[in-house]
**Q** 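Structure below; questions to follow.
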Amino acid sequence: MLMARPVIVAHHTRSGLAALNVVTAALQTDPLTDGVEVRFARDRAALAAGLTAAAGAGAVPVAAWSFYSPDFLESARDLSWVRARAPGLHVAGGVHATAEPLATLRAGFDLVALGEGEATAVALASTLIASGDPRDLPGIAFLRQDRLVSNGPGERRALDDFPAFNARARKWNALEITRGCIYACSFCQTPFMFKARFRHRSVGNVRAQVARMRESGTVRYARFLTPTCLSYGSTNASADLDAVEELLAAVREELPEGKIYFGTFPSECRPEHVTPAALRVLKKYVDNDQLVIGGQSGSDRVLRATHRGHTVEDVRRAARACLEAGFVPTSTSCSDCRAKRPRIARSPSPSPRSSSTWARGSTAMPSCRCRERRSRAPYRSRSTTPSGRRSSASSRGARCTDSGARSKGSRRTWSRSDAVRRLGSRSQILLPSQSPATTAQRPRTFEAAR
Ligand code: SF4
């Protein structure tokens, strides 16, 4: 059999960097693909140069892409630019490509890797080595006569099966300890992409990953990636504090001098899990003085409509518990910054339906970079139908396809005095309302993933 030599050049820019670290590291877990050369291109010129060099050396040049929705059009422009200058097979994966495979392929990508990418990356590289056709692989989508052909999502494997980052390339990222989410909030892509159940990385595996970071000599702290940090070790809605403590104790043993950031981005807490008992465990091990609470909305109606499974009072109670335990509570509304972004109070008596007020009588909140990012992205207007309803990608993928929504831009940090003032008896937290139609009409796409 004629063996080919693929060279993978990861377009390591903008969003999706961690995903590219993880899928390229997955190649190291299979003896056949362990030796596949992987390069990281910091911009489109480096990508074109890498692909050209690989082709010149007789290898099969493969470009790996991963991007969030706000970066889609920019990535498509980069793709056209690279295609005009270099040969290569262009494979797009990640949250946007999974949510919008047809649009992604029509933008010019050759293949889309649907869902989880690790097993697909190994299979794709193995197939290229064997000079096979990657379009036959599970987890791959492609166009045939401009129609989408999908082989279904990539194989969902145990987190322990793959590294959490690409240590060989010294590409570090937050250590993913849990994938999937049982809560299945209607706006969120996590259960759609990873299933509505938890898969946890084992304590032993986490310990090994942390040891690898420490041994590198360059990483002196551990951050974690999880949809809900206090669900670690749990299979249901209750927190398993013993499992959380076992995890944190193991990490502390591996990083006696290092910092542990847990319960802060990207490992937020659900409000109902933030109890005095949980905070005592966190206080023992973590170095962050903030806790990020996934509040999502100040409207019980919106929380119900989006199946969040908690109330506004849960968020208030969690914030108070944080303050009493010595943490600064920070709230996220990662689901849809545009709809929920707080603004300055404009009316002395705002109503949840008409107002976009964070707290009665409040001062201006920090501006939201997520909104700015989106407003620059032409994708916004493309995803709005003439009737004003948003299309499926923007509605269902808002959380995970927008790095801004998961980054600092979407957080409202309450200083201690600010929080006490806001949570005072005369304060009422109100967030901009969403039209009931917006949430009610959204497709419950996660159902398919259950
Ligand atoms: S918003 Fe958070 S809690 Fe809800 S489904 Fe997504 S990850 Fe889970």
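FYI, side chains are in, hydrogens and waters are out, and symmetry mates aren't considered; it's all heavy atoms of this structure. Remember, it's 1-based here, ligands and their atoms both numbered in the order they're listed. Every value quoted in this text rests on a predicted model; they were computed, and no experiment measured them.
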**Q** Do Phe67 and Phe109 have ring centroids that are under 6.0 Å from one another?
**A**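 Yes, the ring centres sit under 6.0 Å apart.
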**Q** So is Gly294 close enough to ligand 1, meaning a heavy atom under 4.0 angstrom away?
**A**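 Outside the 4.0 Å threshold, so no.
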**Q** Please could you name the atoms of ligand 1 that Arg308 approaches to less than 4.0 Å, counting only its heavy atoms?
**A** 1 (S), 2 (Fe), 3 (S), 4 (Fe)
**Q** Do Pro138 and Thr120 come close enough that some side-chain heavy atom pair is under 4.5 Å?
**A** no
**Q** Number the atoms of ligand 1 from 1 as they appear, then name those within less than 4.0 Å of a heavy atom of Arg270, with their elements.
**A**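 In order of numbering, the contacting atoms are 3 (S).
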**Q** Using a strict threshold of under 4.0 Å (side-chain N to carboxylate O), is an ion pair present between Arg157 and Glu116?
**A**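 Looking at Glu116 and Arg157, the cut-off is not met.
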**Q** List every atom of ligand 1 that sits less than 4.0 Å from any heavy atom of Tyr183, numbering the atoms from 1 in the order shown and giving each element.
**A**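 Within the 4.0 Å cut-off of Tyr183, ligand 1 contributes 3 (S).
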**Q** If the plane angle is over 60° it's perpendicular, under 30° parallel, otherwise tilted; pick one for His11 and Trp65.
**A** tilted
**Q** Can you sort out which atoms of ligand 1 are near Pro227, meaning under 4.0 Å from one of its heavy atoms?
**A**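 Listed by number with element, the hits are 7 (S).
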**Q** Which of the numbered atoms in ligand 1 are under 4.0 angstrom from any heavy atom belonging to Cys188?
**A** 1 (S), 5 (S), 6 (Fe), 7 (S)
**Q** Distance under 4.0 Å to a non-hydrogen atom of Phe187: what atoms of ligand 1 satisfy this?
**A** 1 (S)
**Q** State if Gln189 counts as touching ligand 1 under the rule of any non-hydrogen atom under 4.0 Å.
**A** no
**Q** Looking at CG of Asp300 and CG of Asp314, how far apart are the two atoms once the value is rounded to the nearest 0.5 Å?
**A**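 It is 8.5 Å, given to the nearest 0.5 Å.
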**Q** Looking at Cys185, which atoms of ligand 1 are within less than 4.0 Å of one of its heavy atoms?
**A**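 Numbered from 1, ligand 1 contributes 1 (S), 3 (S), 4 (Fe), 5 (S).
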**Q** Assess, by modelled atom type and distance only, whether the side chains of Asp71 and Ser15 contain a donor and an acceptor separated by less than 3.5 Å.
**A**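 Yes, a side-chain donor-acceptor pair sits under 3.5 Å.
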**Q** Is it the case that the side chains of Thr264 and Gln290 hold a donor-acceptor pair, with the cut-off being a distance below 3.5 Å and no angle test?
**A** no
**Q** Cys181 heavy atoms, cut-off 4.0 Å: which ligand 1 atoms fall inside?
**A** 3 (S), 5 (S), 7 (S), 8 (Fe)
